[in-house]
Amino acid sequence: MSCRYGIAHFYDLVPVQAAQVLVQQLREDLLARKLQARMKVAQEGVNGWITGPLGDVESYCEHLRADFPKVFEKTDFKISPCSEGELSRGVKVWESTSVCKLLDRAEEYEALSNCTRAPHLTPEEWHQKLCDGKDLVLFDVRNLYETRIGRFCEDAPGVVDSVDPQTLSYEQVPGFLSKESNLSRFKGKTVMMYCTGGVRCERASSLLCSHLGETAEVFQLEGGIHRYLEKFPSGGFFQGAMYVFDRRRAVRGYDLLGEAQHERQILGTCCLCGSSWEMYQGKWKCGECKMPILICLQCQGRCSHAGTRHELRCELCKPPQDPAR
């Protein structure tokens with residue numbers, strides 16, 4: 001399959017000097033090259049994505065490595081195809097307090113930054129461990145709406161538990177890990193942490209290890225689900241689609257490789273009628289907590305006016321006594 005356009009997702013935890021200067025340099029550079037981007041620059045590193053003609057995206061990543069080596073020399077750029085309609089709009093590069101916000105208080109975040117992060121498993125090592133490991137606990141640190149359209153299967157040979165914290169945002173992970181009832185699910189087990197591209201596991205693994213102690217056996221998936229699906233494009237132990245924050249919204253292994261689609265397994269369901277559906281669209285959100293919700297095309301036609309959309313509720317906000325709401 002010929003692909004004209006591409007997207008490069010990336011993050012790196014590396015000291016950045018003069019973040020505001022780098023922000024300005026990158027913004028001007030991207031605009032001059034007529035690329036699009038969403039990128040956060042913090043003292044602890046960078047996080048974001050770049051879109052444009054596929055060849056231009058590839059060459060720009062090499063340019064970043066060569067011309068900004070202190071920041072991008074070892075960055076893992078995950079480059080995959082996209083359509084012209086899935087390109088980002090404009091250039092947005094900004095200075096942030098962190099590459100992926102986990103804690104509010106600066107002193108807590110600084111302390112966590114000095115904690116040991118869980119070791120990485122390559123996609124091949126991760127897959128093999130799911131095949132022959134023992135007492136494995138999967139820990140998905142993504143948000144609830146992401147897990148609803150795709151996740152690693154709980155019935156992999158070595159898995160005894162799968163933990164979904166059901167968060168609305170990444171900042172809720174510390175609260176989840178502060179409860180003993182949640183931590184008890186990890187104790188004495190081998191913990192396998194994963195997220196989309198890997199950045200959320202970096203700090204969250206440090207937090208989990210600080211709670212469990214030095215003897216805890218915790219691993220994180222190197223390159224996240226993205227790199228796993230590149231190695232196992234049919235899905236491997238991953239079921240459904242991977243949610244992404246760019247305009248594609250949901251992708252599979254064959255999408256990342258630019259190959260023809262094979263049979264799709266759809267895990268997501270419309271929150272109104274229960275039919276299979278996995279595409280989140282901007283205006284369809286819970287009227288209570290504003291979390292994205294899945295509404296199929298047929299139900300969208302019945303809920304088109306603003307008043308009805310405001311009454312929609314996600315699975316966390318639906319009153320338990322009224323499941324049909």
Side-chain angles (χ1 to χ4, degrees), residues 9-13 74 76 78 80 100 102 115-144 146-167 170 173 176-177 182-244 251-257 262 265 267:
H9 276 268
F10 61 91
Y11 79 89
D12 213 339
L13 295 177
K74 297 181 180 180
D76 177 23
K78 305 175 183 72
S80 54
C100 195
L102 182 63
C115 291
T116 301
R117 302 196 295 270
H120 297 86
L121 294 178
T122 66
E124 295 89 346
E125 291 169 337
W126 177 276
H127 187 85
Q128 190 59 45
K129 202 165 190 66
L130 290 178
C131 286
D132 55 26
K134 295 181 179 179
D135 289 333
L136 306 180
V137 176
L138 290 169
F139 183 22
D140 190 341
V141 298
R142 298 174 302 154
N143 300 319
L144 175 66
E146 298 174 74
T147 72
R148 286 303 178 258
I149 66 170
R151 53 191 174 273
F152 278 98
C153 56
E154 302 174 8
D155 57 357
V159 174
V160 296
D161 194 7
S162 181
V163 178
D164 177 358
Q166 298 192 350
T167 55
Y170 184 54
V173 171
F176 177 83
L177 293 178
N182 296 328
L183 287 175
S184 65
R185 299 175 67 179
F186 303 115
K187 291 182 177 178
K189 306 291 194 304
T190 297
V191 183
M192 308 272 283
M193 298 182 65
Y194 68 94
C195 60
T196 307
V199 65
R200 283 178 280 187
C201 284
E202 298 287 3
R203 294 301 184 219
S205 71
S206 296
L207 185 61
L208 179 60
C209 290
S210 70
H211 283 297
L212 296 180
E214 295 181 358
T215 60
E217 193 170 28
V218 181
F219 298 98
Q220 56 179 313
L221 175 56
E222 184 176 77
I225 303 165
H226 192 294
R227 286 299 190 207
Y228 180 86
L229 289 179
E230 287 180 337
K231 293 295 183 182
F232 302 92
S234 63
F237 286 113
F238 188 82
Q239 300 174 316
M242 175 180 71
Y243 180 90
V244 289
V251 297
R252 288 175 165 76
Y254 292 108
D255 297 318
L256 298 176
L257 299 178
H262 292 231
Q265 178 189 29
L267 295 189

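Note: hydrogens, waters and symmetry copies are ignored here, and every other heavy atom, side chains too, is used. No experiment lies behind these values; they were computed from the predicted model shown.
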Decide yes or no on side chain to side chain contact (heavy atoms under 4.5 Å, CB included) for Thr190 and Leu136, but give the supporting numbers first. CA-CA 5 Å; Thr190 297; Leu136 306 180; 3.7 Å; yes
Close side-chain approach of [X] to [Y], heavy-atom, < 4.5 Å:
| X | Y | answer |
| --- | --- | --- |
| Cys100 | Glu202 | no |
| Arg203 | Val173 | no |
| Val163 | Phe176 | yes |
| Tyr170 | Pro165 | no |
| Asn182 | Leu177 | no |

State the [atom1]-[atom2] distance between [X] and [Y], to the nearest 0.5 angstrom.
| X | Y | atom1 | atom2 | answer |
| --- | --- | --- | --- | --- |
| Lys78 | Thr196 | NZ | OG1 | 10.0 Å |
| Asp76 | His9 | CG | NE2 | 12.5 Å |
| Thr215 | Lys187 | OG1 | NZ | 10.5 Å |
| Cys201 | Glu222 | SG | CD | 12.0 Å |
| Ile149 | Met242 | CD1 | CE | 9.5 Å |
| Ser205 | Leu221 | OG | CG | 12.0 Å |

Students often mix this up, so state it plainly: with edges at 30° and 60°, are the rings of Phe186 and Phe139 parallel, tilted or perpendicular? tilted
Donor-acceptor pairs under 3.5 Å, side chain of residues 126-133 to any protein atom, not counting sequence neighbours: which ones?
{"from": "His127", "atom 1": "ND1", "to": "Tyr228", "atom 2": "OH", "distance (Å)": "2.7"}
{"from": "Gln128", "atom 1": "NE2", "to": "Asp132", "atom 2": "OD2", "distance (Å)": "2.7"}

Hey, could you give me each pair passing salt bridge (charged side-chain N to carboxylate O under 4.0 Å, His left out) that has a residue in [range]? Not counting sequence neighbours.
| range | value |
| --- | --- |
| residues 228-243 | Glu124-Lys231, Arg227-Glu230 |
| residues 210-219 | none |
| residues 153-163 | Asp161-Arg185 |

Qualifying residue for side chain to side chain contact (heavy atoms under 4.5 Å, CB included) with Asn143, from Gln166, Arg148, Arg200: Arg200
Say whether Asp164 and Thr147, considering side chains only, have a donor N or O and an acceptor N or O under 3.5 Å apart. yes
Evaluate Leu13 against Arg117 for side chain to side chain contact (heavy atoms under 4.5 Å, CB included), listing each step before the verdict. CA-CA 12 Å; Leu13 295 177; Arg117 302 196 295 270; 3.9 Å; yes
Measure across [X] and [Y] and return the closest heavy-atom pair with its distance rounded to 0.1 Å.
| X | Y | value |
| --- | --- | --- |
| Val218 | Ala118 | O-CB, 3.4 Å |
| Ala241 | Arg252 | CB-NH1, 3.6 Å |
| Leu267 | Gly150 | CD1-CA, 4.1 Å |

Kindly write out the residues that satisfy ring pair (Phe, Tyr, Trp, His ring centres under 6.0 Å) with Tyr254, not counting sequence neighbours, or none if the list is empty. His262
With Phe238, which residues qualify under ring pair (Phe, Tyr, Trp, His ring centres under 6.0 Å), at least two apart? Phe152
Return yes when atom NZ of Lys134 has more than 12 non-hydrogen atoms of other residues, nucleotides or ligands closer than 6.0 Å, and no otherwise. no
Can you check side chain to side chain contact (heavy atoms under 4.5 Å, CB included) on Ser80 and His226, steps first, answer last? CA-CA 10 Å; Ser80 54; His226 192 294; 4.0 Å; yes
